[in-house]
Amino acid sequence: MKGVCLIFFVLAILGTVQGDLKMGFYSRSCPKAEKIIQDYVNQHIPRVPSLGAALIRMHFHDCFVRGCDGSVLLNSTASSGNQTEKTAIPNRTVTGFDFIDKLKSLLESACPGIVSCADIIALATRDTIVVTGGPTWRVPTGRRDGTVSIASEALAQIPAPSDNITLLQQSFANKSLDLKDLVLLSGAHTIGIARCPSFSNRLYNFSASSSTDPSLDSEYADVLRASKCRTPNDNTTLVEMDPGSRRTFDLSYYRLLLKRRGLFESDSALTKSSQTLRYVNKILQGSLDNFYKEFGLAMEKMGRIDVKTGSSGEIRRNCAFVNS
């Protein structure tokens, strides 16, 4: 019996050291943490609703590189000589860093050294989507911040707008996400915007046999060329990913996919696999409430990717820099 008790004692210690995410992680160490985030979001997001799309993209890009550890927030420093994830091509158009920094400042004033930047991203993303009329989901907390951030890893691991279904499936599988998760999480594009370079190859010189991507609706391609990306070199114009419905977290994105009007090649890819197409049709046949529920479960699952808990990582004092 003593041997059995010793085993359980050791396992208990390991569980404490390794830790895990749980609801209300800060209920004792910083009881008002989640309310501080929610109150700031409620106060500011109605004036800048576009931050909903910005933060959900930041959360996605963070989790796909070294897990959900806030590594996307780190600045490059001259002393390290390292280019961080923030400088990688997929992240050069990510916004919302100032918003996260402000939340961190508020939390440091209330509870110094307690709430991680990784948890701030996760909580603020959820709260922002709720304020803009979208779904809610559980956000268990207890993430710790990473101390490593490498630009080349972001370039290699964040799915690209030009990815086909094979590449997308592999990218998601590498993070323990499946094709259902891929279809559901892509639904965030309903509130997304994109710059022309992320899809203009579909409009100009797509291949030797066709200047336009044949999988893109020709009328839609004409509209994009005429009123949005007028030249192949346009690097600044912003385009709604769900035209006419961008401010509403709804099912319109999926309807556009079936009309061959997904903006990215990665959007169109969802209709080129029988399995992902089946998920798209199932979402459209169901209710918006059911989509919200399924989307929320996929977000919670993504938010658990390779998290650092227990004694791993650190709690950064400033989200842009590791602690000295």
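- Residues F295 and V131 share a single hydrophobic cluster, defined by chaining ILVMFWY side chains whose heavy atoms lie under 4.5 Å apart.
- Between S215 and R202, the side chains place a donor N or O and an acceptor N or O closer than 3.5 Å (distance only, hydrogens not considered).
- Among all heavy-atom pairs drawn from L123 and T141, the shortest one is CD1-CG2, 3.9 Å.
- Side-chain atoms of K301 do not come within 3.5 Å of backbone N or O of G296 as any donor-acceptor pair.
- Aromatic ring orientation, F172 versus F60: tilted (interplanar angle from 30° to 60°).
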Exercise. List the steps, then state whether salt bridge (charged side-chain N to carboxylate O under 4.0 Å, His left out) holds for K35 with D39.
Key: CA-CA 6 Å; K35 188 174 188 305; D39 286 349; 2.6 Å; yes
Quiz prompt | Test side chain to side chain donor-acceptor pair (under 3.5 Å) applied to S211 and N205, step by step | solution = CA-CA 4 Å; S211 60; N205 304 314; over 6 Å; no
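- Geometrically, K259 does not engage Y220 in a cation-pi contact, judged by NZ or CZ lying under 6.0 Å from the ring centre and within 45° of the ring axis.
- T128 approaches G52 most closely through the heavy-atom pair CG2-CA, 3.2 Å.
- Counting heavy-atom neighbours within 6.0 Å of Q169 CD, excluding the residue itself, gives a total of 12 or less.
- For K293, the NZ atom sits in a loose shell: 12 or fewer heavy atoms of surrounding residues, nucleotides or ligands are nearer than 6.0 Å.
- Under the 4.5 Å side-chain heavy-atom criterion for grouping Ile, Leu, Val, Met, Phe, Trp and Tyr, M299 is connected to Y254 within one hydrophobic cluster.
- K32 NZ: 12 or fewer foreign heavy atoms inside a 6.0 Å radius.
- Cluster annotation: I191 and L263 are assigned to distinct hydrophobic clusters (Ile/Leu/Val/Met/Phe/Trp/Tyr, side-chain heavy-atom contacts under 4.5 Å, transitive).
- In this structure, a donor-acceptor pair under 3.5 Å is present between the side chains of S71 and E85.
- In this structure, CG on N42 lies 11.5 Å from CD1 on I37, to the nearest 0.5 angstrom.
- Side-chain contact check for H189 and D267: at least one donor-acceptor pair (N or O, by modelled atom type) lies under 3.5 Å.
- Going from atom CD of E300 over to atom CZ of R126 covers 10.0 Å, rounded to the nearest 0.5 Å.
- The two residues Q157 and F64 come nearest to each other via the heavy atoms OE1-O, 3.2 Å.
- Closest of all the heavy-atom pairs between P90 and T93 is O-OG1, 4.2 Å.
- Smallest separation of non-hydrogen atoms from G262 and S268: O-OG, 3.9 Å.
- Residues Q170 and N174 have side chains that bring a donor and an acceptor to within less than 3.5 angstrom of each other.
- By the neighbour-count criterion of 12 heavy atoms within 6.0 Å, atom NZ of K86 is densely surrounded, having more than that number from other residues, nucleotides or ligands.
- Residue K175 places its NZ atom among more than 12 non-hydrogen atoms of other residues, nucleotides or ligands, all under 6.0 Å distant.
- Side chain to side chain, S287 and D289 fail the donor-acceptor criterion of an N or O pair below 3.5 Å.
- Both Y292 and L284 sit in one connected hydrophobic cluster of ILVMFWY residues. Membership requires side-chain heavy atoms under 4.5 Å apart, directly or through other members.
- Side-chain N/O atoms of E108 and N318 include no donor and acceptor closer than 3.5 Å.
- Note: the hydrophobic cluster containing I283 also contains I165 (ILVMFWY, side chain heavy atoms under 4.5 Å, direct or indirect links).
- There is a side-chain donor-acceptor pair under 3.5 Å between D250 and T190.
- Between the CD1 atom in I36 and the CD1 atom in I120 there is a gap of 10.0 Å [rounded to 0.5 Å].
- Judged purely by atom type and a 3.5 angstrom limit, R92 uses its side chain to pair as donor or acceptor with the backbone of T87.
- Relative orientation of the Y40 and F99 rings is tilted, given thresholds of 30° and 60° on the angle between their planes.
- Note that the CG atom of L182 and the OG atom of S171 stand 9.5 Å from one another [nearest 0.5 Å].
- Nearest approach of V322 to G146, heavy atoms of both residues: CG1-O, 4.4 Å.
- Of the possible polar contacts, none joining the D234 side chain to the C196 backbone as a donor-acceptor pair under 3.5 Å is found.
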